[in-house]
J.: 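Following this message is one structure expressed as structure tokens.
One-based numbering, in listed order, for ligands and for the atoms of each. Side chains are part of it too, since the values below use all heavy atoms of this structure and drop only hydrogens, waters and symmetry mates. What you are looking at is a predicted structure, and each value in this text was computed from that prediction instead of being measured.
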Amino acid sequence: MVSPDPRRLIPGTDTLLARPHIRDASAGLSPHVLRHIITQTQQRARQGRLAPDQVETEVLSRLVSYRPSTMRRVVNATGVVVHTNLGRAPLSEGAREAVAEAAGYVDVEIDLNTGRRSGRGGGARRALLAACPQAEDALIVNNGAAALALAAAALVGTNEVVISRGELVEIGAGFRLPELIESTGARLRETGTTNRTHLSDYVSALSRQPSEPVAAVLKVHPSNYRIAGFTSSVNVRELAALCKHHGVPLIVDAGSGLLNPDPTLPEEPDLTSALADGADLVIASGDKLLGGPQAGLLLGSASIIARLAKHPLARAVRTDKLTLAALEGTLNGGQTPVEAALHIDPDTLLARAQRMAEALSAEVVPHEGRVGGGGGTEVPLPGWAVRLPEEAAAPLRAVHPAILTRISDSSCLLDLRCVPEAEDDAVLSAVEGVLRALRDPTEELSK
Ligand SMILES: *Cc1c(COP(=O)(O)O)cnc(C)c1O
């Protein structure tokens with residue numbers, strides 16, 4: 001007698017689809033996801049990697065644990081506050097609430113009093129102006145790069161824009177500001193040198209017999225690098241006076257979106273000061289030091305904002321309702337997680353690290369946090385970290401939520417600066433689990 005091919009015992013797709021508990025578990029899923037999970041599981045059984053009578057249970061368990069988005073929550077234990085690879089700024093409670101409210105139909109472009117169409121996202125714009133009263137008006141676009149491109153397109157066109165050679169910077173990997181500006185059709189009139197640009201350089205750039213007229217002067221904050229030593233640059237106030245004299249607007253790309261001066265970051269430009277010093281237009285990102293969603297903020301004189309809003313490109317870089325909600329929630333809500341992480345008291349950090357280290361029989365070491373992609377280049381943020389064996393880093397990334405640490409000097413450093421204190425216990429028990437599994441690999445399997 002020949003024993004039947006076990007593969008014939010694998011339940012068919014229609015059989016599985018007809019099972020009530022499979023139908024229940026897949027209620028919120030798209031049919032193609034459901035079919036994919038079923039075919040994959042059947043395939044594993046065909047290859048002998050799963051017993052045919054396990055197929056149904058396996059499909060069910062995969063359906064139950066299925067998450068509609070592949071993006072996974074990460075606990076940022078790196079000590080880098082504005083971490084570009086982790087989505088820059090985590091949203092505040094106020095911003096999260098606003099996003100949840102705006103997820104459905106929302107009055108983003110209608111006045112519910114009159115029932116008429118209204119300006120888009122007026123609440124976020126008003127919140128921005130309230131937070132930065134130096135500005136006459138504001139416009140919100142998709143990100144800082146979009147804001148800069150719009151400003152170049154609308155204010156410079158195919159004319160020239162004056163910029164110091166010390167400010168022709170590459171911001172992120174492959175994102176070169178001068179290339180972005182030129183891609184809009186604007187042409188750069190470079191002035192000064194890499195390390196030193198004087199007021200007289202701007203004077204001669206503006207007075208040079210123009211083949212084409214100069215339409216604006218742009219000052220860029222070189223967010224991610226510093227030139228030290230024999231350097232000089234011209235401040236916003238001096239440049240603004242010169243621009244006024246020549247009748248051209250001064251655009252300041254401040255980068256990080258700090259609303260007001262912050263003594264922790266003495267070199268970081270802020271929007272209020274730049275406007276008070278006479279900039280006609282200030283540009284910044286929403287998700288760096290402002291601690292909000294990805295957005296490009298344009299603040300300045302009413303006439304310039306009106307020119308930007310009228311330009312066709314404004315429609316192409318328009319923000320969605322979720323961004324507008326998150327930005328308004330950030331500005332009107334309490335302290336942002338970015339602000340909290342930047343200003344956390346090192347002693348508090350030490351006490352939290354010590355408590356965790358004691359429970360783990362680990363040691364606490366000094367560890368400097370970083371501002372990160374948002375600015376504050378080279379500003380050290382004194383703090384502490386729990387030192388774990390380097391082998392812990394990979395399994396910590398595999399738990400849910402993932403825990404991202406910093407690997408340095410053959411250690412895995414767990415810095416609590418950017419971890420909300422309320423999550424300390426959850427992080428501790430995840431680390432305990434990982435360390436236990438490292439000491440005794442069978443433990444993980446028997447769990
Ligand atoms: C970050 C930055 C940008 C780009 O802003 P995104 O929001 O990342 O598009 C432009 N200019 C400066 C000075 C920056 O620091």
J.: With a heavy-atom distance limit of 4.0 Å, tell me whether Q294 approaches ligand 1 through its side chain, its backbone, both, or neither.
T.: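 Answer for Q294: neither.
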J.: Could R370 and E368 be called an ion pair, given the rule that one side-chain N must be under 4.0 Å from one carboxylate O?
T.: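 Salt bridge flag = yes for E368 with R370.
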J.: Which of the atoms in ligand 1, numbered in the order shown and given with their element, are less than 4.0 Å from a heavy-atom of S285?
T.: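 Checking each atom against S285, I get 1 (C), 5 (O), 6 (P), 7 (O).
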J.: With a cut-off of 4.0 Å, which atoms of ligand 1 are near a heavy atom of K288?
T.: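 Here the atoms of ligand 1 in question are 1 (C), 2 (C), 3 (C), 5 (O), 14 (C), 15 (O).
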J.: Under 4.0 Å between a Lys/Arg side-chain N and an Asp/Glu carboxylate O for D111 and R116?
T.: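 Salt bridge between D111 and R116, a charged N being under 4.0 Å from a carboxylate O: no.
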J.: Which bit of L177 gets closer than 4.0 Å to ligand 1, counting heavy atoms only: side chain, backbone, both or neither?
T.: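 For L177, only side-chain atoms sit under 4.0 Å from ligand 1.
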J.: Which atoms of ligand 1 sit under 4.0 Å from any heavy atom of F175?
T.: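 Answer for ligand 1: 4 (C).
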J.: Between CD1 of I283 and NE2 of H221, what distance do you get to the nearest 0.5 Å?
T.: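 Those atoms lie 14.0 Å apart.
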J.: Going by distance only, is there an N or O of H221 that falls short of 3.5 Å from an N or O of ligand 1?
T.: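 Among all N and O atoms of H221, none is under 3.5 Å from an N or O of ligand 1.
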J.: Would you check whether R88 reaches within less than 4.0 Å of ligand 1, judged by its heavy atoms?
T.: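 Yes.
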J.: Short N/O distance, under 3.5 Å, between D287 and ligand 1?
T.: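 So ligand 1 has no N or O lying under 3.5 Å from an N or O of D287.
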J.: Find all atoms of ligand 1 within a distance of less than 4.0 Å from any non-hydrogen atom belonging to A145, and give their numbers and elements.
T.: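 Those of ligand 1 that fall under 4.0 Å from A145 are 4 (C), 5 (O), 6 (P), 9 (O).
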J.: To the nearest 0.5 Å, what is the distance between CG on L271 and CG on L297?
T.: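 Rounded to the nearest 0.5 Å, the CG-CG separation comes to 7.0 Å.
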J.: Ignoring angles and geometry beyond distance, decide whether G144 reaches within less than 3.5 Å of ligand 1 through its nitrogen or oxygen atoms.
T.: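 Yes, there is a polar N/O contact under 3.5 Å.
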J.: With side chain to side chain contact (heavy atoms under 4.5 Å, CB included) as the test, pick out the partner of L416 among N76, T348, D424.
T.: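 Of the listed residues N76, T348, D424, the side chain to side chain contact (heavy atoms under 4.5 Å, CB included) partner of L416 is D424.
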J.: Starting at CZ of R315, measure out to CG of L150 and round the result to the nearest 0.5 Å.
T.: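 If we round to the nearest 0.5 Å, R315:CZ and L150:CG are 13.5 Å apart.
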J.: Can you tell me if I171 contacts ligand 1 (heavy atom of the residue under 4.0 Å from the ligand)?
T.: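 So I171 counts as touching ligand 1.
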J.: In plain terms, say whether R355 and D425 are close enough for a salt bridge, that is, a side-chain N and a carboxylate O under 4.0 Å apart.
T.: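 Answer for the salt bridge query: yes.
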J.: Inspect the contact between R187 and E182 and indicate whether a charged nitrogen and a carboxylate oxygen are less than 4.0 angstrom apart.
T.: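 Salt bridge: no.
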J.: Quick one: does S256 get an N or O within less than 3.5 Å of an N or O on ligand 1?
T.: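 In fact, backbone or side chain, S256 has no N or O that close.
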